[in-house]
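Below: one structure, written as structure tokens.
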Amino acid sequence: PISDVSSDLKIEVGTSSFALHKFPLVSRSGRIRKLLIDAKDTKISRINLSSAPGGPEAFELAAKFCYGINVEITLSNVAMLRCISHYLEMAEEFAENNLEARTEAYLKDMVVPNISSTIAVLHRCESLLPISEEINLVNRLINAIANNACKEQLTSGLLKLDHNFPSKAIPNMEPETPSDWWGKSLAVLNIDFFQRVLLAIKSKGLRQDMICKILINYTHNSLQSLIVRDHHFVKGSLLELELQKEQRVIVEAIVSLLPTQSRKSPVPMAFLSSLLKTAISSSVSTSCRSDLERRTGLQLDQAILEDILIPANSHGNNHTAMYDTESILRIFSIFLNLDDDDDDEDNRLRDESEMAYDFDSPGSPKQSSILKVSKLLDSYLAEVALDTNLSPSKFIALAELLPDHARIVSDALYRSVDIFLKVHPNIKDSERYRLCKTIDCQKLSQEACSHAAQNERLPVQMAVQVLYFEQIRLRNAMNGGHNQLFFGAINGQFPQRSSSGAASGAISPRDNYASVRRENRELKLEVARMRMRLTDLEKDHVSMKQELVRSHPANKLFKSFTKKLSKLNSLFRINNLKPIGGKANSESRFLFQRRRHYSVS
């Protein structure tokens with residue numbers, strides 16, 4: 001009890017009730033004063049305030065304030081006191097230095113100037129909705145966070161400027177990065193408030209790398225907390241569906257806050273990969289998934305194998321493929337189409353020789369990125385080839401994805417195809433042939449050629465092709481090796497194009513391109529010669545087959561019977577005997593049947 005005087009007013013807040021006195025409450029609360037005045041019963045002794053923000057705890061502090069008891073305002077209760085003072089109408093018009101004014105002064109002096117304090121108070125506002133929105137407290141706190149963040153960025157930039165051009169030598173001067181001390185505290189906010197804070201910060205011009213750090217930290221903490229909280233859920237249960245829904249909401253909100261899509265985006269590839277995997281498992285919207293796939297494709301040259309091993313959403317089906325190859329197919333297609341999107345007018349005006357030189361140069365940015373991606377795809381193919389549930393059509397689509405110039409050596413692709421054929425022995429012949437067509441036999445190393453020539457899983461056509469190019473390789477090695485470009489690189493190095501044995505780096509791009517065209521013509525002539533030789537071999541094969549038929553023993557016996565039959569027929573003609581009817585007819589029929597028997601044999 002606050003006083004020895006018996007109470008004349010009982011106020012109920014939620015499940016709690018407070019025995020109080022009318023006079024101290026009426027002197028500071030306009031809401032209670034109105035309720036008592038408007039009551040038809042002048043002797044009212046009970047008021048229900050079940051909708052009071054903050055519940056019994058907030059009302060108890062407000063009641064103590066009405067009785068003149070000192071109430072300490074802190075970061076943990078200032079939002080609650082500000083909302084309950086608004087609800088009870090504890091404004092200056094009813095009493096001087098009332099609770100509303102006291103809380104406003106604390107917010108202005110102690111909360112708004114400091115980012116961490118503002119974030120802590122904003123977090124308290126989540127449980128005080130909708131009153132905290134009605135009094136504009138949430139928007140004020142969000143704007144304060146955005147303004148202070150930009151001030152910190154400006155201060156940090158000035159400190160770096162002073163560090164780079166100091167008036168005095170300052171030892172070990174390293175300015176503090178704002179996100180290291182206030183960005184992490186944003187993880188306490190729910191996704192709605194966090195999204196509003198990030199949008200306000202972005203509108204104020206906070207650096208993209210700082211925004212990425214905040215997003216990564218928030219995503220890690222929020223998704224990790226969901227997994228830890230619900231790690232005992234049963235597959236297909238309501239808890240799992242609820243967890244999936246929360247994950248979906250968080251991922252879609254985070255994706256909407258990511259910086260603008262670009263090839264030089266500050267968003268790390270590992271973070272994008274984690275987001276995409278979570279997005280697929282939580283069944284996000286198609287637009288969100290497409291956005292993540294495009295971002296991943298734009299930065300695919302920064303990825304490693306673990307980034308693109310995305311588990312498939314099987315929905316409990318044991319016969320589904322282990323990995324989501326359709327997403328990977330779209331991601332690689334996005335990367336391969338970047339050159340068309342990024343070409344400007346200057347690129348279109350370049351002449352043919354410059355285009356060939358830039359395109360084929362291993363040191364050029366585009367070619368180096370394509371080579372990285374080709375190695376990444378070959379590693380991915382080797383991994384997914386072990387999946388017995390992966391359909392041949394999907395594997396073939398992945399193997400056919402890269403253009404011819406993307407691979408310098410085809411050994412990795414050959415190994416992947418060989419693994420797939422070993423794991424899938426019942427593949428159709430047409431699919432086997434189409435899959436092996438993706439391998440460029442000219443780019444196989446000597447070891448790979450030796451293995452392919454003896455590989456029974458490969459079609460005969462490919463084995464013949466491998467032997468042919470191996471013969472060409474040996475011949476060129478004896479002639480000086482100037483055509484080695486078309487038959488794979490030595491020791492994994494990039495081949496040097498040259499028509500005279502000199503390094504191609506010493507000649508001009510136009511001469512280099514002409515040398516390549518000349519070598520191409522020579523190769524076409526050699527292929528034409530081989531076709532002629534193959535035609536001759538086929539003719540020899542036909543003639544040998546005919547000779548074998550003629551020399552068969554059954555044919556010799558047939559010829560002897562034919563001679564005897566012709567003698568008998570001549571004998572019949574000499575003696576004017578008819579070959580039809582009688583004994584002669586039966587003998588002729590017998591000989592005819594024997595001739596037919598040996599002919600069939």
Side-chain angles (χ1 to χ4, degrees), residues 75 79 111 114-127 129 132 138-139 141-153 156 176-231 242-261 265-282 284-285 287-289 291-292 295-296 299 307:
L75 291 176
V111 176
N114 185 275
I115 301 181
S116 297
S117 300
T118 311
I119 294 172
V121 175
L122 181 62
H123 176 52
R124 298 284 179 176
C125 290
E126 294 173 359
S127 60
L129 296 172
S132 57
V138 174
N139 285 333
L141 295 174
I142 290 175
N143 290 331
I145 294 172
N147 291 329
N148 288 328
C150 293
K151 289 179 183 177
E152 290 289 346
Q153 176 176 278
S156 176
E176 185 180 20
T177 304
S179 63
D180 291 341
W181 62 275
W182 67 263
K184 292 181 179 180
S185 58
L186 287 171
V188 301
L189 301 177
N190 64 26
I191 188 62
D192 294 331
F193 278 16
F194 176 79
Q195 193 171 8
R196 291 170 63 179
V197 169
L198 258 290
L199 290 174
I201 288 176
K202 290 173 71 174
S203 66
K204 296 291 183 180
L206 191 68
R207 292 202 314 269
Q208 297 289 345
D209 60 332
M210 202 70 69
I211 292 175
C212 286
K213 290 180 181 179
I214 296 172
L215 285 172
I216 293 171
N217 180 75
Y218 183 86
T219 306
H220 174 77
N221 283 278
S222 57
L223 294 179
Q224 190 67 28
S225 64
L226 288 177
I227 295 172
V228 172
R229 188 185 70 192
D230 296 326
H231 67 286
E242 186 64 25
L243 171 64
Q244 193 180 75
K245 181 180 179 182
E246 292 184 37
Q247 286 182 339
R248 181 165 61 249
V249 171
I250 292 174
V251 171
E252 290 179 352
I254 294 298
V255 171
S256 67
L257 295 171
L258 290 174
T260 307
Q261 296 180 5
S265 174
V267 184
M269 184 65 202
F271 177 62
L272 287 176
S273 173
S274 300
L275 269 182
L276 182 56
K277 292 174 183 178
T278 308
I280 293 174
S281 64
S282 57
V284 298
S285 63
S287 59
C288 177
R289 180 168 174 170
D291 188 293
L292 283 173
R295 290 178 183 274
T296 306
Q299 301 174 230
D307 294 333

Problem set entry | Shortest non-hydrogen contact between S185 and I119, atoms and distance | OG-CD1, 3.2 Å

Exercise. Roughly how far, to the nearest 0.5 Å, is CG of L141 from OG of S132?
Worked result: 9.0 Å

Exercise. Do you know the tightest heavy-atom contact between A149 and I115?
Worked result: N-CD1, 3.6 Å

Problem set entry | Any C125 side-chain heavy atom under 4.5 Å of F193 side chain | yes

For this session: Please answer whether the main-chain N or O of C288 pairs with a side-chain N or O of E252 as donor and acceptor at a distance below 3.5 Å.
Result: no

Exercise. Where do L75 and R124 come nearest, in terms of heavy atoms and distance?
Worked result: O-CG, 4.2 Å

Seminar exercise, completed: Rounding to 0.5 Å, atoms CG (L223) and CD (E246) come to a distance of 10.5 Å

Exercise. Looking only at heavy atoms, which two atoms of T278 and S282 are closest? And how far apart?
Worked result: O-OG, 2.7 Å

For this session: Answer yes if the side chains of N221 and N217 hold a donor-acceptor pair under 3.5 Å, and no otherwise.
Result: yes

Exercise. How long is the span from the CZ atom in R196 to the CG atom in L189, to the nearest 0.5 Å?
Worked result: 11.0 Å

Seminar exercise, completed: Looking only at heavy atoms, the pair that brings M269 and D307 closest together is CG-OD2, 3.7 Å

Exercise. Would you call L122 and F194 a side-chain contact if the rule is heavy atoms closer than 4.5 Å?
Worked result: no

Exercise. Short question: side chain of K202, backbone of I211 - any donor-acceptor pair under 3.5 Å?
Worked result: no

Exercise. Is any side-chain heavy atom of L258 closer than 4.5 Å to a side-chain heavy atom of L272?
Worked result: yes

For this session: Would you check if V284 and V255 make a side-chain contact, meaning some heavy-atom pair closer than 4.5 Å?
Result: no

For this session: Taking the side chain as every heavy atom from C-beta outward, state whether I201 and M210 have any atom pair closer than 4.5 Å.
Result: no

Exercise. Is it true that a side-chain atom of T219 and a backbone atom of I216 form a donor plus acceptor pair closer than 3.5 Å?
Worked result: no

For this session: Quick one: pull up CG in L276 and OG in S281 and give me the separation to the nearest 0.5 Å.
Result: 9.5 Å

Exercise. Can R295 and L275 be said to form a side-chain contact (heavy atoms from CB on, under 4.5 Å), step by step?
Worked result: CA-CA 11 Å; R295 290 178 183 274; L275 269 182; over 6 Å; no

Problem set entry | Exceeds 12 heavy-atom contacts within 6.0 angstrom, atom NZ of K245 | no

Seminar exercise, completed: CD1 (I250) and CD (Q247) are apart, to the nearest 0.5 Å, by 7.5 Å

Seminar exercise, completed: Rounded to the nearest 0.5 angstrom, the CD1-CG distance for I214 and L186 is 5.5 Å

For this session: Side-chain contact test, heavy atoms from C-beta onward, threshold under 4.5 Å: evaluate it for Y218 versus V197 and give yes or no.
Result: no

Problem set entry | Any donor-acceptor pair under 3.5 Å from Q208 side chain to P266 backbone | no

